[in-house]
Asker: 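There's a structure below that I have some questions on.
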Amino acid sequence: MLSEPLRLCCQLNSKPSHWYFVWTFKQRPALTERRMKSHVLVTAVLLLIQHLLAQKTNGDSSRSSYACTSRESKSYSFCDKALSIDERVADLISRLSLEEKISQLGNGADAISSVDVPAYQWWGEALHGVAYCPSVHWDGPVKGATSFPMPISLAASFNKSLWNKIGQVISTEGRAMHNLGQSGLTFWSPVINLVRDPRWGRVQETPGEDPYLIGQYSVYFVRGMQEAKDYDPSNEDDNENENFALKTSACCKHYTAYDLDNWQGVERYDFDAKVTIQDLADTYNPPFQSCVEEGRASCLMCSYNKVNGVPTCADPELLKGTVREKWGLRGYIVTDCDSLLVMYDESRYSKGPAEAIATAMLAGLDLNCGATIKTYGASAVQQRLISEADIDRALNNTFTVLMRLGIFDGNPLDQPYGRLGDDHICSEEHQDLATEAAVQGMVLLKNDEDTLPLSSRHIKTLAIIGPNADDTKYTMLGNYAGRPCTYITPLQGLSTYEINNVIFEPGCSSIDCSSDEKIEDALSAAKKADVVILVMGLDQDLERETFDRNSLKLPGKQELLVSSVANVSNGPVVLVLICGGPLDISWAKNDSRIQSILWMGYPGQAGGLALAQIVFGDRNPVGRLPVTWYPESITDWPMTCMNMRPDPHTGYPGRTHRFYNGPTVYEFGYGMTYSKSTTMEVTGPTNFTAPALFQQACYHKRFTAEQNDSTGCSPSDLVACLEASLPINITVKNRGPRAVTEVALVYHVPPRAGENGTQLKELIAFERTEVQPFSSKKIHLIINLCHHTSTVKSDGKRSLQLGTHKVVVSPGSGTSAEHRFYVH
């Protein structure tokens, strides 16, 4: 979180100027005006200087200044690549004074002249492409980077290999920009917070509402960002070297229980999320556990909010106890920007900056995004709140990551990725992948009478209406974006098909559609057309970081515009929605005059082209909703309620498809296709004996064989759960004359589902597969009973319930297949 001056500084090189980077303190009414001015000024000046120095360093570094390149520095042990990373890091730390050590603990690490180490800017962003941020600039040979769909759209593809490939492309472009002096190598992405409430302004940044889906997204994306090859989970050799070389460094954020930014005066800075042990264990934390354990992320970012009274960046159980010791993070822990300032200035958790620093570092923090530690760290040591050894521990974690990135291996052009340059950015292959990702992430919600796909040859006049159609605000990029290689609006994409006459009317002066003055022109266009496509929805003015919604309805008079156009149209009406968070469009779903509805999410630079390919039938929509679309009535409940499970006493309906027991507009996983020729079958064993509860506990604690003696767990206890596997065979049949792509979502339904806090269902696997004409495809899955089908009790512990379980395979729409098995 940055002050307003630095937010503007980050936009100096931006074009267009309206892209949103809301790292700003300006929306913090809890501060008095005097305190606001004082702290914003101090933070702005310190971080602005940091940023400008980092820009200069980044701009010059690939040409003249790298660590371990001068004659003197080459003699240092930390520059000796023949030594182990641990040895090199220890040598580097031993050469630094206390003042130099503290200078490395902010996102803008200072140059260390005594050992000829240049400055380094840690703060990079790559949520869906290399983005505007302090470590990136665009005034070199690279003028843009591939901008993929936002994660909410990528998640809708349910395609793990796609996420892995996108991570690889982003890291390739990031490395290439680093070689050219235009970027660092540490990127604070992905966002893997779970969408609990549909009003959250950052829904667009996340992979959705399901812990398993988010966890898998994080694993495949992070592996793509950090490693040089395709991720294969069956290759156990991948996990042997904990200090493996990093292509770039990825960061799981924001840990944990964070999905409220600014709702009716409640802000993330001082929000205390009251979370049950049960919800923390089976909902909020699992994506981060997957990201660290399976994804091998080299960074984790703690969030602004408190959890049960303690700021996440100051909680030793969350950081040291869980992330470092239980999950085994091999990397660094960084604050959100500037969480330490928030701890003493906003939430008043700490008395002052020195106390905030000590509390966080002793809890396990390694790096401060911001200037608090760099400014007050010496004071914390002088007051004996922390020791130099605590600082050394933090530096060991941060320097280890820099070593793995090759920062201390000399000129990057002489390293394994040195061949990467500007011809590896915005390449045809990368841009084609951006289009493919946009296609795979679009979700067909309604298609009465098979209105879609349209035939361009049979359309004489096409009316394209809506404030998001001729998108001059780069809406489809979403937030945390960079400069795209190209940008194709819905109007441009749809107009590429050969149609005699295309009429465009915005219908509204802006996305909030506060006036009906342009509706009459839209109605006139609709009356002249054979087909009408309405491109409506939201943008960054209406949902974003620091800005939560109050309503799930279309803004302003958008609904009036759509209904009025549908009422006068002579032919099919297609409603296209650009948005991240869900909308209550029950009225459109039930309106027979609106034949088709298509959700685009925020599809990135090629969104308009992808839309046209789907609308005109060149591609078949196969996306599935990664979040539940609720009715407006869900907004009767406050965003501050963190409970996932329903409460029968108050009528609270719960949250997400796993627990929510109320009506929906569209369910999680819903999505139609043009093909109606596929069916699914599922088979598997029907009887199992559950491992003993003690054996299950051993498995869930993830004890290694070396720890068994001290815990009472024997190797046979661990094996009991490892061998408790359910082989599932899914057959996807295609009865049609064309090849089809199908997404199979595999759910587990436990005994007594929905009773006493037990989940209604749980996503445990998903597969995207192509089936050739008049043939079938078999999908073989191994479901571990202890891992995939256990239930978290109120004490936060998992166990396998006895009784009848179900595996349900859903195709997104249509008939699901079901298999029952009994555990005794």
Side-chain angles (χ1 to χ4, degrees), residues 50 54 57 61 65-70 72-122 184-186 241-246 249 251 298-300 319-320 323-325 328-335 340 357-358 360-369 371-382 384-410:
Q50 248 184 50
T57 301
S61 62
S65 181
Y66 300 106
C68 301
T69 55
S70 68
E72 182 180 1
S73 66
K74 287 181 180 179
S75 67
Y76 298 144
S77 293
F78 71 81
C79 294
D80 186 352
K81 291 184 283 185
L83 298 177
S84 71
I85 285 181
D86 290 342
E87 291 172 314
R88 296 173 69 189
V89 169
D91 178 73
L92 174 56
I93 293 174
S94 72
R95 296 176 183 274
L96 305 184
S97 67
L98 178 61
E99 180 182 0
E100 288 171 327
K101 291 175 180 179
I102 292 172
S103 76
Q104 301 302 296
L105 296 180
N107 63 285
D110 295 345
I112 313 172
S113 58
S114 65
V115 288
D116 200 19
V117 172
Y120 183 77
Q121 176 55 253
W122 287 85
L185 292 175
T186 45
N241 181 12
E242 62 181 13
N243 277 336
F244 65 92
L246 294 167
S249 170
C251 190
S298 52
C299 167
L300 180 138
L319 301 187
K320 271 187 180 178
V323 175
R324 188 72 66 183
E325 295 175 5
L329 174 70
R330 183 63 177 174
Y332 66 99
I333 299 175
V334 62
T335 67
L340 295 186
I357 291 168
M361 292 195 70
L362 294 176
L365 184 74
D366 301 310
L367 185 69
N368 171 213
C369 177
T372 301
I373 295 182
K374 290 178 65 176
T375 306
Y376 302 104
S379 175
V381 175
Q382 291 165 4
R384 298 185 178 180
L385 299 175
I386 56 173
S387 67
E388 188 167 357
D390 296 316
I391 292 174
D392 289 350
R393 175 201 55 77
L395 289 176
N396 182 75
N397 292 327
T398 56
F399 282 158
T400 294
V401 170
L402 293 182
M403 288 283 182
R404 294 167 63 192
L405 286 165
I407 296 296
F408 297 99
D409 290 350

Asker: Nearest 0.5 Å please: distance from the CD1 atom of I85 over to the CD atom of E87.
Answerer: 11.0 Å
Asker: With a 3.5 Å cut-off and no angle check, do the side chains of N397 and T400 form a donor-acceptor pair?
Answerer: no
Asker: List the steps, then state whether side-chain hydrogen bond (donor to acceptor under 3.5 Å, both in side chains) holds for D80 with S77.
Answerer: CA-CA 5 Å; D80 186 352; S77 293; over 6 Å; no
Asker: Could you give the distance from CG (L185) to CG (L402), rounded to the nearest 0.5 Å?
Answerer: 9.0 Å
Asker: To the nearest 0.5 Å, how far apart are CG in L367 and CD1 in I373?
Answerer: 7.0 Å
Asker: Where is the tightest heavy-atom contact between M361 and A394, given as atom of each residue plus distance?
Answerer: CE-CB, 3.8 Å
Asker: Check whether R324 reaches the backbone of L319 with its side chain - one donor and one acceptor, N or O, closer than 3.5 Å.
Answerer: no
Asker: Quick check: does any side chain N or O of R95 sit under 3.5 Å from a backbone N or O of Y76, one acting as donor and the other as acceptor?
Answerer: no
Asker: If I take atom CD1 from residue I386 and atom CD1 from residue I391, how far apart are they, to the nearest 0.5 angstrom?
Answerer: 4.5 Å
Asker: Can R330 and D86 be counted as an ion pair, charged N to O under 4.0 angstrom?
Answerer: yes
Asker: side-chain contact (heavy atoms from CB on, under 4.5 Å) between Q104 and L395: does it pass, once the steps are laid out?
Answerer: CA-CA 8 Å; Q104 301 302 296; L395 289 176; 3.7 Å; yes
Asker: List the atom of V401, the atom of S298, and the distance in Å for their closest heavy-atom pair.
Answerer: CG2-O, 3.7 Å
Asker: Any side-chain donor-acceptor pair under 3.5 Å between N107 and Q121?
Answerer: yes
Asker: Taking atom CG of L105 and atom CG of N368, what is their separation to the nearest 0.5 Å?
Answerer: 8.5 Å
Asker: Within the distance-only criterion (no hydrogens, no angle test), does the side chain of T69 pair as donor or acceptor with the backbone N or O of G410 below 3.5 angstrom?
Answerer: no
Asker: Between D409 and R88, what is the shortest heavy-atom contact and its length?
Answerer: OD1-NH2, 2.9 Å
Asker: Just by distance, no angles: are the side chains of Y120 and T186 close enough, under 3.5 Å, to form a donor-acceptor pair?
Answerer: yes
Asker: For I102 versus K374, what's the shortest heavy-atom pair and its separation?
Answerer: O-CG, 3.7 Å
Asker: What's the shortest heavy-atom distance between F78 and D91, and which atoms?
Answerer: N-OD2, 2.9 Å
Asker: Provide the closest heavy-atom pair for A380 versus I357 in the form atom of the first, atom of the second, distance.
Answerer: CB-CG2, 4.3 Å
Asker: Find out whether V381 and E388 are in side-chain contact, i.e. whether some heavy atom of one side chain is under 4.5 Å from a heavy atom of the other.
Answerer: no
Asker: Taking the side chain as every heavy atom from C-beta outward, state whether V115 and E72 have any pair of such atoms under 4.5 Å apart.
Answerer: no
Asker: Please round to the nearest 0.5 Å and tell me the distance separating atom SG of C79 and atom CE of M403.
Answerer: 7.0 Å
Asker: Among side-chain atoms of S114 and E100, is any donor-acceptor pair under 3.5 angstrom?
Answerer: yes
